[in-house]
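Single-structure report; data block below.
Model, not experiment: these values are computed from the prediction.
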Amino acid sequence: MKEYDPKVIEPKWQDAWEKAGVFETREDAAKPKYYVLVEFPYPSGKGLHVGHTRPYTAMDALARARRMRGSNVLFPIGWDAFGLPAENYAIKNKAHPRQFTQANIAAFRAQIRSLGYSFDHSREVDTTDPAYYKWTQWIFLKMFERGLAYKADMPVNWCPSCKCVLANEEAPGGVCERCGAETSRREKSQWMLRITAYAERLLNDLDTVDYPARVKQAQKNWLGRSEGAEVNFAVWAEGRHVHTLRVFTTRPDTLYGATYMVLAPEHPLAAEYACPETEEYRRRAAKKTDFERGQLQKEKTGVALKGVTAVNPATGGHIPIYISDYVLMGYGTGAIMAVPGHDGRDWEFARLFGLPIVEVVSGGNVDEGAYTDTENGTLVNSGFLNGLPVPDAGEAMTRYLEEKGLGKRSVQYKLRDWVFARQRYWGEPIPIVHCPSCGLVPLPESELPLTLPPVESYEPTDTGESPLSLMESWVAVSCPRCGERARRETDTMPQWAGSSWYYLRYADPRNENALASREALDYWTPVDRYNGGMEHTTLHLLYSRFWHKFLYDIGVARQPEPYRKRTSHGDIIGPDGFRMSKSRGNIIDPMEVANEYGADAMRLTILFIGDFEKSVIWSPNAVTGCRRFLERVWHMAASAQPGDALSERTERAFHKAIKKVTEDIDALKFNTAIAALMTLLNEMAEGAYSRGDIRLFVTLLYPFAPHICEELWEHCGSGGLLAGQPWPAWREELTLDDTVEIAVQVGGKLRATVTAERGLPDEAVVDAALHNPRIEAIAAGRAPTRTVVVKNKLVNLIFPQ
RNA sequence: GCGGAUAUGGCGGAAUUGGCAGACGCACCGGAUUUAGGUUCCGGCGGGCGACCGUGGAGGUUCGAAUCCUCUUAUCCGCACCA
């Protein structure tokens, strides 16, 4: 037998799998389906990185094991190929972004293949393919139909030097990524998706899915549910009631302590009662980016709104109204009642402006600072609430407000609606026409897909519009409703669009009449396992849950939740302990590792290096160990005794390992599964072993290192592909040894061990322990006052002092 | 500030309904094979001469704690003026 050479055997088996089509999946009612999903990659010019290989290798092992265990496994891959790098490439090279995208996809496909991933390539999807984005556009139209897609004025980042609208990611720190100029905020009419309409269901249905606690918690925080009340404050000007100002508060119990009100600078009332001072403040606030507002969070600023006061509905007293940018227009009503006695921000602001601070919950010292830790407090200075504990007082005040028509119980979410437009070329065109008489008119479904026209320049325009806006022949269109001259929407969708429903398309990727057939969705969905990065928890994962729920509501999706179980891999950190980055020069290229040590060794290393769900430092030495292990498997296979019979000597070791490996793969404990195989190999090496033993061994190793296992399977004279073999079963009684080592403790400290038959009665175990010479010496003739026996494991003896 | 995690040998990490801490691998040390080796094989490997001591630190519960409780320190990750 030749030396182990991954460069020869790996392509050999990749070809064999492809030729046999073993990873191509079709519906089969006779088999249980199992849908394993990984986040599809953005095909960048840089190729696969370790961030891809960890989840892909892990899910590949799971998929391969599940196939052998008899499931009909759907393990698809595709390309999330819209996005800025392709567009920047196009700008630079004056070429269509498709060229760049196609080349990258080809490179990714080749790399993925060379690592031996068992994806079903016959089901590939590409978000930039019109046959795919036809359905992305279709979903958008359905949302528009139901009022979930709408246009609204939203502040955007504006670079005055590039004359360009930037996404938040393109303006880190309030500075244009491209030219370095300071960006400002501008109002722009933008497409929005009403994800907030689904906030409650997105929150409640988390109870119905199996996600890691940290993922659920992050989504809960992001959704940010708060219970409280809306309270109406009458606004007076020139001696009469001119407005009613609604505020949201989580603390209606503190209403007696509300000594002033604050409006967000963007609040309409602030414009109505403007004076030069407030206008100046509003201008300055408008210029600040969100980032700058955040930076200044400690220092309060503001201006009084002159000529108006508000009436505190509890006290009946008039209180002043301010504008300040510590109040956000995007949350609640854009106005707050300020309770400086019990809110740190209000306290600071009140101090700055010399406003009254009233204590309404006893226990703190409001002269020193806001007293906020009030769960167990009692109300004071609060009329009918005096003496009530805080929770009861909140309840009493809410009831009072509702009875008097002064307010009502209310729930608020931090979640904002989703800005669903980019002024870019390389995205799905939004299939809407602007008609002077009909307004926003959706394209008829029959005109989908609305494809991207070729343009001359891919640069955004001077006005910050998409380059599509310059394509007069494309933009000018007759209104689908009235036939008059109208113009197409020229914004495109954000990159999150295509990835919000791709897992449904995999079920039926070539369907021209529906995004997927009902039969295919009934068979394949929901996704059984979805693994992805923590960084997608609050964007992609939430967005796709939202789209899925919408599709469920209109009868397309078959279940209310898309993913039954979500898992999240930890990051791989550079060998120096820092996050991998170009500037640090600590990037590990998985293709280089695979090239040097083989794909199998690379896969094994990725899985063995640490707990899959935790972040781990890449250690170059770990590859050596894994490669060495494979070499050892190879050499042992070469020198195995002929014969198919399994050795009796290692029978129990095998049954233990089968159980361990099977269970660990399901639990994503790949590191311990591989450790168990190393242990097993060590035991095999202690004596003679047959080709049959090797065959069983490579069957167990196959999900992790498939190429070498196929080669050795063939070498051992077995027919067919290992990929098509059944997974071995274990017998529980053979996973246990018939003798056990029992730890003997005295007073909880280990003093000896005794060997005993499994299941020996407690008294006999104690007896054996007491006859151990070491224990006899300690006992010195005394009898134990107490004995604790843990069956087959341990006995603890307590002797009198 | 809020929320979530993590802390175990020289290193990566095992061990969780509380029951022999350090599985497995790396590195290292010794030996064999090898004229050579990113080879293979065998042995050793938490600390301490020892009684013993050891899972970030301090208490506690328990016959028994890496594991449970209280407090605390450090690091990492989200979110962040959310009323």
When the [atom1] atoms of [M] and [N] are compared, how many Å lie between them, rounded to an integer?
N     : M     : atom1 : result
B/G19 : B/G1  : P     : 36 Å
B/C76 : B/U67 : P     : 24 Å
B/C68 : B/G18 : P     : 8 Å
B/U55 : B/C11 : P     : 15 Å
B/A58 : B/U73 : C1'   : 10 Å
B/A15 : B/U8  : C1'   : 10 Å
B/A14 : B/C63 : P     : 32 Å
B/A7  : B/G54 : C1'   : 16 Å

By the 4.0 Å heavy-atom rule, please label [X] as base, sugar-phosphate, or nothing.
X      : result
A/R786 : base
A/N671 : sugar-phosphate
A/W618 : nothing
A/R627 : nothing
A/E535 : nothing
A/Q217 : sugar-phosphate
A/R225 : nothing
A/Y597 : base
A/E3   : nothing
A/D346 : nothing

Using only heavy-atom distances, decide whether a donor-acceptor pair under 3.5 angstrom links the side-chain of [X] to the base of [N].
X      : N     : result
A/K414 : B/C79 : no
A/Q745 : B/G19 : yes
A/E631 : B/G38 : no

For residues A/Y322 and A/T301, is any side-chain donor paired with an opposing acceptor at under 3.5 Å?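 Distance-only check fails for A/Y322 and A/T301.
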
Can you tell me the distance, in whole Å, between the [atom1] atom of [X] and the [atom2] atom of [N]?
X      : N     : atom1 : atom2 : result
A/F629 : B/U39 : CZ    : P     : 18 Å
A/I798 : B/U62 : CD1   : C1'   : 11 Å
A/L750 : B/A66 : CG    : P     : 13 Å
A/L630 : B/G25 : CG    : C1'   : 13 Å
A/H540 : B/G78 : NE2   : P     : 18 Å
A/Y331 : B/C79 : OH    : C1'   : 14 Å
A/I323 : B/A83 : CD1   : P     : 22 Å

[X] side-chain proximity, nearest of [options]:
X      : options             : value
A/W222 : B/C41, B/A23, B/C79 : B/C79
A/D611 : B/C20, B/G64, B/A14 : B/A14
A/N796 : B/A83, B/G19, B/A27 : B/G19
A/T679 : B/C24, B/G19, B/A27 : B/C24
A/S226 : B/A83, B/G19, B/C24 : B/A83
A/V327 : B/A83, B/U40, B/A15 : B/A83

Backbone of [Y] reached by a side-chain donor or acceptor of [X] within 3.5 Å:
X      : Y      : value
A/R225 : A/Q412 : no
A/D762 : A/V789 : no
A/R782 : A/F799 : no
A/R751 : A/V744 : no
A/D571 : A/I573 : no
A/H342 : A/T372 : no

Mark yes or no: A/K300 above the aromatic ring of A/F349, with NZ or CZ under 6.0 Å from the six-membered ring centre and no more than 45 degrees from the axis.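 Verdict for A/F349: no cation-pi partner in A/K300.
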
Name all residues meeting the side chain to side chain contact (heavy atoms under 4.5 Å, CB included) criterion together with A/V616; count only those two or more places apart in sequence or in a different chain, and write none if there are none. A/R54, A/I572, A/I609

Can you tell me whether the base of B/G9 sits syn or anti, using the 90° cut around 0 to define syn?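 Syn.
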
Could you tell me which residues satisfy ring pair (Phe, Tyr, Trp, His ring centres under 6.0 Å) with A/F612, sequence neighbours excluded, listed by chain and number? A/F670

Looking at A/P340 and A/G257, what are the two nearest heavy atoms and their distance? CD-O, 3.7 Å

Where is the tightest heavy-atom contact between A/A756 and A/I742, given as atom of each residue plus distance?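 Heavy atoms only, the tightest pair is CB-CD1, 4.0 Å.
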
Step-by-step side chain to side chain contact (heavy atoms under 4.5 Å, CB included) determination, A/H635 to A/E3: CA-CA 8 Å; A/H635 289 128; A/E3 285 303 296; 3.8 Å; yes

[X] and [Y] ion-paired at < 4.0 Å:
X      : Y      : value
A/D207 : A/K216 : no
A/D253 : A/R251 : yes
A/K656 : A/E683 : no

Just to verify, which of A/F629, A/Y597, A/W634 counts as forming a ring-ring contact (aromatic ring centres under 6.0 Å, His included) with A/Y4? A/W634

Sub-3.5 Å pairs of nitrogen or oxygen atoms, protein against nucleotides 9-12 of chain B:
{"from": "B/G12", "atom 1": "O2'", "to": "A/I609", "atom 2": "O", "distance (Å)": "2.8"}

Look at A/N682 and B/G25 and indicate whether a side-chain polar atom (N or O) is within less than 4.0 Å of OP1 or OP2. yes

For A/R628 and B/A27, is the shortest distance between a side-chain N/O and OP1 or OP2 below 4.0 Å?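 Yes, within the criterion.
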
Reading 5' to 3' through nucleotides 43-56 of chain B, protein heavy-atom contacts under 4.0 Å coded B for base, S for sugar-phosphate only, - for none: ---------SS---

Let's see if you get this right: which residues in residues 244-252 of chain A place a heavy atom under 4.0 Å from RNA chain B? A/F248, A/T249, A/T250

Check against salt bridge (Lys or Arg N to Asp or Glu O under 4.0 Å), A/E613 and A/K669: CA-CA 9 Å; A/E613 310 217 40; A/K669 300 281 181 200; over 6 Å; no

In dot-bracket notation, what is the pairing pattern of RNA chain B, taking Watson-Crick (N1-N3 plus N6-O4 or O6-N4) and G-U wobble (N1-O2 and O6-N3) contacts under 3.5 Å, with [ ] crossing and | for other strands? (((((((..(((......[....))).(((((.......))))).((....))..(((((..]....))))))))))))....

